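Have a look at the structure below, then the notes.
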Amino acid sequence: MTHLILGDVSPSSVNFALLVARIVLAGVFLAHGINHIIGGGKIAGTARWFESLGMRPGILHAWMASLTEVGAGALLVLGLLTPVAGAGVVGVMLVAWITNHLRNGFFIFRPGEGWEYVMTLTMLGVVVGTLGPGQWSVDAHVAHLSDLWGWPGLGISLGGGALGAALLLAVYWRPEKKPASATG
């Protein structure tokens with residue numbers, strides 16, 4: 001008879017934890033992406049907001065961010081190409097971090113919204129992309145997809161997401177310059 005001891009990690013507890021992490025992250029990304037498309041100001045309002053952040057053309061970035069959020073969320077639900085989904089999370093969150101949240105300090109409840117929330121989602125994307133989705137996923141049952149877990153998953157999720165964000169920012173981010181103050 002096997003006794004469960006506090007601190008005992010079993011394959012089923014790890015698979016359950018990875019499932020919870022994937023579903024929570026997927027829920028946030030699906031909701032966010034869908035809201036950008038059909039909520040509030042719809043995609044046009046999202047485009048205006050992206051323009052105000054210096055992401056030009058705003059409509060292109062509204063669609064790219066929204067579809068990346070929906071796509072990454074769907075992949076995470078399924079546990080399919082999990083490191084690629086992690087790269088989507090990392091890329092979108094790094095762009096949000098740099099263009100909108102970084103200058104506002106750490107705490108999300110501060111005016112302008114700080115970066116604690118986007119940092120948490122970014123790191124969760126890296127962790128899930130690195131560890132993989134667990135055995136309760138499509139990846140675990142398709143030949144060679146579990147080969148993407150571990151170090152390759154870290155490279156794909158963190159490296160791919162960061163590279164995508166850096167390229168996007170280098171090509172498209174054009175924030176308005178603040179006028180220099182006149183000193184007499």
Side-chain angles (χ1 to χ4, degrees), residues 2-37 50 55 60-102 115-173:
T2 305
H3 293 9
L4 181 63
I5 302 169
L6 286 177
D8 183 28
V9 177
S10 68
S12 61
S13 67
V14 170
N15 288 317
F16 178 75
L18 289 170
L19 177 66
V20 169
R22 281 185 9 237
I23 296 302
V24 168
L25 188 56
V28 168
F29 264 68
L30 285 166
H32 214 231
I34 291 167
N35 187 59
H36 278 160
I37 297 168
F50 273 98
M55 297 301 296
L60 171 69
H61 297 288
W63 277 113
M64 280 196 333
S66 301
L67 293 176
T68 300
E69 289 168 343
V70 170
L75 290 174
L76 287 166
V77 166
L78 297 171
L80 175 62
L81 298 171
T82 306
V84 174
V89 169
V90 170
V92 169
M93 289 296 97
L94 285 177
V95 170
W97 198 339
I98 292 165
T99 62
N100 190 44
H101 299 277
L102 185 62
W115 49 267
E116 69 177 309
Y117 177 68
V118 295
M119 177 204 58
T120 301
L121 293 176
T122 302
M123 293 303 111
L124 189 53
V126 171
V127 168
V128 171
T130 302
L131 295 178
Q135 294 301 309
W136 303 343
S137 66
V138 174
D139 280 357
H141 300 287
V142 175
H144 302 295
L145 289 183
S146 61
D147 294 342
L148 299 177
W149 305 353
W151 291 115
L154 175 66
I156 294 167
S157 61
L158 179 58
L163 180 61
L167 289 172
L168 186 124
L169 290 168
V171 173
Y172 294 106
W173 189 36

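Everything quoted here is computed from the prediction, not taken from an experiment.
The side chain to side chain contact (heavy atoms under 4.5 Å, CB included) search around Y117 returns V28, I108, L121, not counting sequence neighbours. Applying the side chain to side chain donor-acceptor pair (under 3.5 Å) test to S157 and every residue at least two apart in sequence or in another chain returns nothing. Residues satisfying the side chain to side chain contact (heavy atoms under 4.5 Å, CB included) criterion with A62, sequence neighbours excluded, are I43, T46, A47, F50. Annotation: side chain to side chain contact (heavy atoms under 4.5 Å, CB included) contacts of A21 (sequence neighbours excluded): L124, V128. Taking H36 as the reference, E69 meet the side chain to side chain donor-acceptor pair (under 3.5 Å) condition, with sequence neighbours excluded. Annotation: ring pair (Phe, Tyr, Trp, His ring centres under 6.0 Å) contacts of W149 (sequence neighbours excluded): none.
Side-chain contact check for T99 versus L169: some heavy-atom pair is nearer than 4.5 Å. By the 4.5 Å heavy-atom criterion applied to side chains, F29 and M93 are counted as neighbours. Put simply, the side chain of M64 reaches to within 4.5 Å of the side chain of L168, judged on heavy atoms. Side-chain contact between I23 and L76 is absent, with no heavy atoms from C-beta onward closer than 4.5 Å. Contact of the L80 side chain with the L145 side chain is registered, since non-hydrogen atoms from C-beta on lie closer than 4.5 Å. Between V77 and L30, some side-chain heavy-atom pair lies under the 4.5 Å cut-off.
Nearest heavy-atom pair across G134 and A140 is O-CB, 3.5 Å. Shortest non-hydrogen contact noted between R22 and P133 is NH1-O, 2.9 Å. Closest approach of V118 to T122, counting heavy atoms only: O-OG1, 2.6 Å. Nearest heavy-atom pair across L75 and A85 is CB-CB, 3.7 Å.
A distance of 10.0 Å separates CG of L131 from CG of L154, quoted to the nearest 0.5 Å. The distance from atom CH2 of W97 to atom CD of E116, rounded to the nearest 0.5 Å, is 11.5 Å. Atom CH2 of W136 is separated from atom OG of S12 by 6.0 Å, given to the nearest 0.5 angstrom.
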- Task: Apply the test side-chain contact (heavy atoms from CB on, under 4.5 Å) to residues N100 and W115: give CA-CA distance (whole Å), side-chain angles for both, the deciding distance (0.1 Å), then the verdict.
- Result: CA-CA 9 Å; N100 190 44; W115 49 267; over 6 Å; no
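A donor-acceptor contact shorter than 3.5 Å links the side chain of N15 to the backbone of P11. D139 places a side-chain N or O within donor-acceptor distance of the main-chain N or O of T82, the cut-off being under 3.5 Å.
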